[in-house]
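As the structure is a prediction and not an experimental result, all values here were calculated from the model.
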Protein chains: 2
Amino acid sequence: MIDAKKVGRPKKFKREDALAAALNVFWAKGYNGASMKDLTAAMKINGPSLYAEFGDKQTLYKLTIDEYAQNDACAPLVAFEGEDDIDKAVQAFMAAAIDYATLQNSGVKGCFLSSCVATTAGEVEGVEAKLQNAIIETDKRLANRFDLEITKGVLPANFPSLQRARLMFDLRQGHVFRARSGCDADEMKQDLEYRSKIVLQADATSA
Amino acid sequence: MIDAKKVGRPKKFKREDALAAALNVFWAKGYNGASMKDLTAAMKINGPSLYAEFGDKQTLYKLTIDEYAQNDACAPLVAFEGEDDIDKAVQAFMAAAIDYATLQNSGVKGCFLSSCVATTAGEVEGVEAKLQNAIIETDKRLANRFDLEITKGVLPANFPSLQRARLMFDLRQGHVFRARSGCDADEMKQDLEYRSKIVLQADATSA
DNA sequence: TCAATATCATATCAATCATTACAAATTGCA
DNA sequence: TGCAATTTGTAATGATTGATATGATATTGA
């Protein structure tokens, strides 16, 4: 079933590679700033091939949003979930987010969703829902790890998982906005230890 | 000197009103998504008049960025500085930022800088510097208030003003991104009391 | 009343936009 | 070897883009 030989002239591109290239173009120039000429050039694909494979520009755009949400945006989450110690895990999440926002091979900076896609939230149909979904899912996934730590006894039973998940996510938005604006990664990482502490401290709601 | 009568046919528009209208168009559609047709219609101005008054589209865009940075973006800062009690002041800042990101008369949501202008950071010359400047100035202005509270003895002498200023600013980015994505204002305000607490607590760096 | 001046409104410019016909090219299968 | 199937490459589509050239219109000062 995989890569079954088909009749007809073979494609010159891999769908996933073309999609990744398109993502980079949209990330760098935004939806409206990216022309079909920009896209076909970066994707190494012809106009007709692009339309045959991805529909039209708007459909391609939404596909790159899904691609980013399912892959790229997960990198910090994977770092978060892969670290055993919860304090190191929080720091790893933030460090990964900062690195990802400043060290892209393509040279683009920031977060595709918050620094680019957000612009089209009111204009391109369905984008607002995609953003909303990405936010909710990330909040949940972060909170799940905190819940796990509660069951393990590392975090207290009354630890407000979702509240702290939202906190982590919002701090991330600050980082990626700063990154898009040219802020230095190391400068942002200076506060990491402190920020991890406030995310995890148990008694902030009282006092 | 003010409003001096000049020879010639009088202008039909006020510069500041036209600029505010242009800001709303860019805010809603982004720089590339906003056409000159959109702009002239919203500004109630003719093409040639627009070019005579504001130069070209890019110059107008940069003017709206300055306009926003000097006026709109200051609203939460004014709320922050106008409240005597520091805890209430921090909450007022965040509440104002949330309100401003969700209750625009024009219907646009989020923050113009982080939800729209950021997209053009790498493409439109000078925008990255404007963003960088806005960030640094806001950080400073927030920190100044904390420094004042230190001299008043309300906050301890070793209170890390700039660190907490950055924290406040980054939390704000989370709020405005959520707002742009359609998140409810009241939902975001639920965490305000807690978030103010972590911004102001003195002993988070130790422990 | 009439120049002088400045803005308004309309029409238009070349360039670029997203999208698509059309024909050549490349494959599998009969 | 030739046909059917599929993609590629080129070129062209009409629409829209940002920006102007032109002339009518409105106001001031003499």
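To the nearest 0.5 Å, the span separating CG on A:Asp170 from CZ on B:Arg178 amounts to 4.5 Å.
Residue A:Pro10 is classed as a sugar-phosphate contact, given heavy-atom separations below 4.0 Å to backbone atoms only.
Cation-pi check for B:Arg164 over B:Phe159 is met; the charged atom lies under 6.0 angstrom from the ring centroid and within 45 degrees of its normal. Remark: B:Lys57 is positioned above the aromatic ring of B:Tyr31, its terminal NZ or CZ atom under 6.0 angstrom from the ring centre and at most 45 degrees off the axis.
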- Given the rule in the side-chain contact (heavy atoms from CB on, under 4.5 Å) test, do B:Thr64 and B:Phe54 qualify, once you have shown the distances and angles that lead to the verdict? CA-CA 10 Å; B:Thr64 64; B:Phe54 301 107; over 6 Å; no
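With rounding to whole Å, B:Asn32 atom CG is found 12 Å from D:dT17 atom P. Protein atom NZ of A:Lys12 is 8 Å distant from nucleotide atom P of D:dT8, rounded to whole Å. In this structure, B:Lys37 atom NZ and C:dT16 atom P are separated by 21 Å, rounded to whole Å. Look at CG on B:Asp38: it is 7 Å from P on D:dT17, rounded to the nearest Å. Atom NZ of A:Lys14 is separated from atom P of D:dT7 by 18 Å (rounded to the nearest Å). Atom CG of B:Asn46 is separated from atom P of D:dT20 by 16 Å (rounded to the nearest Å). With rounding to whole Å, B:Met36 atom CE is found 19 Å from C:dA15 atom P. Distance, A:Phe54 CZ to D:dT7 P: 12 Å, rounded to whole Å.
Along DNA chain D, the nucleotide closest to A:Lys11 and the one closest to B:Gly55 are compared, and the more 5′ of them pairs with A:Lys11. Closest-nucleotide positions on DNA chain D for B:Gly8 and B:Tyr31 were compared, and the one nearer the 5' end corresponds to B:Tyr31. Between B:Pro48 and A:Pro48, the residue anchored nearer the 5' end of DNA chain C, judged by the nucleotide with its closest heavy atom, is B:Pro48.
You'll find that the side chain of A:Val7 is closest to D:dA5, out of D:dG18, C:dT7, D:dA5. For A:Tyr51, the listed nucleotide lying nearest its side chain is C:dT20; candidates were C:dC8, C:dT20, D:dT20. Counting only heavy atoms from C-beta on, A:Lys57 has its side chain closest to C:dT19 among C:dT5, D:dT10, C:dT19.
Note on B:Ser49: every side-chain N or O is 4.0 Å or more away from OP1 and OP2 of C:dT7.
With hydrogens and angles ignored, no donor-acceptor pair under 3.5 angstrom links the side chain of A:Arg9 to the base of C:dT27.
Aromatic rings of A:Phe26 and A:Tyr61 (six-membered ring for Trp) have centroids within the 6.0 Å cut-off, being under it.
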